[in-house]
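Report on the structure given below.
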Amino acid sequence: MNLFTILNDIILLGLYQPLANNAIERLYSQPATRNTYRFALGMCIVNLILKPVVCFILYKTYLTRGGELPAELCSITVGNGNGNRYDNLDSSVEVASPHQTVDHTTQQV
């Protein structure tokens with residue numbers, strides 16, 4: 001799926017960037033419009049460059065959480081630092097039933 005989005009971005013940049021370049025850089029004399037176009041084009045190129053990196057990090061995280069790859073081989077750290085992938089949240093917190101009634105007769109001071 002990510003490969004499709006990378007190819008789609010390359011095709012759309014190749015098709016529409018020359019048209020936008022002719023329309024905005026040559027026809028508009030307003031600097032604000034040109035600067036907005038250049039910023040948008042730069043962010044699109046940065047996004048296209050970073051997509052494979054993000055895809056690789058997500059794939060490594062997926063493998064680490066799925067148990068197929070040890071956490072030491074992954075360059076990013078996942079978990080709470082003591083070897084567990086997820087924190088055990090229900091060990092110290094009592095979970096109340098949603099239908100439990102509250103006793104208002106005893107007051108805490």
Side-chain angles (χ1 to χ4, degrees):
M1 184 65 172
N2 203 14
L3 182 63
F4 172 73
T5 61
I6 292 172
L7 291 175
N8 188 31
D9 287 347
I10 291 172
I11 290 170
L12 291 177
L13 270 176
L15 288 176
Y16 292 113
Q17 192 277 332
L19 297 173
N21 188 31
N22 289 336
I24 295 197
E25 292 285 339
R26 294 188 181 145
L27 299 179
Y28 283 102
S29 62
Q30 300 172 351
T33 306
R34 285 196 312 256
N35 291 338
T36 303
Y37 165 72
R38 290 174 184 170
F39 178 77
L41 181 63
M43 289 297 107
C44 185
I45 292 171
V46 168
N47 180 31
L48 188 60
I49 291 171
L50 290 179
K51 266 188 186 182
V53 175
V54 170
C55 180
F56 178 74
I57 291 172
L58 288 175
Y59 180 69
K60 287 289 194 176
T61 304
Y62 169 74
L63 290 180
T64 302
R65 290 186 178 186
E68 298 177 18
L69 184 68
E72 293 83 23
L73 294 179
C74 190
S75 61
I76 58 174
T77 58
V78 177
N80 57 7
N82 61 1
N84 295 336
R85 290 193 186 116
Y86 298 100
D87 293 332
N88 190 4
L89 297 178
D90 60 347
S91 63
S92 63
V93 177
E94 291 184 25
V95 178
S97 172
H99 303 290
Q100 184 178 3
T101 59
V102 178
D103 185 18
H104 293 292
T105 58
T106 59
Q107 295 180 3
Q108 295 177 351
V109 179

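Linking Ile, Leu, Val, Met, Phe, Trp and Tyr residues whenever their side-chain heavy atoms come within less than 4.5 Å leaves L50 and I10 in two separate clusters. If you chain together hydrophobic residues whose side chains sit under 4.5 Å apart, I11 and L19 fall into the same group. In the hydrophobic clustering of ILVMFWY residues, with side-chain heavy atoms under 4.5 Å counting as a link, V54 and I45 come out apart. By the rule that hydrophobic residues join a cluster once side-chain heavy atoms approach within less than 4.5 Å of another member, L7 and L12 end up as members of separate clusters. Linking ILVMFWY side-chain heavy atoms closer than 4.5 Å, directly or via other members, places L13 and I6 in a single hydrophobic cluster.
Here the straight-line distance linking atom NZ of K51 with atom CD1 of I49 works out to 12.5 Å at 0.5 Å rounding. Atom CE of residue M43 and atom CG of residue L48 lie 13.0 Å apart, to the nearest 0.5 angstrom.
Heavy-atom minimum distance, R26 versus N22: NH1-OD1, 2.7 Å. The minimum heavy-atom distance linking R34 with I24 is given by the pair CG-O, 3.8 Å.
Between C44 and D9, every side-chain heavy-atom pair lies at or beyond the 4.5 Å cut-off.
Defined by atom type and a distance below 3.5 Å, a donor-acceptor pair is missing between the side-chain atoms of T5 and N8.
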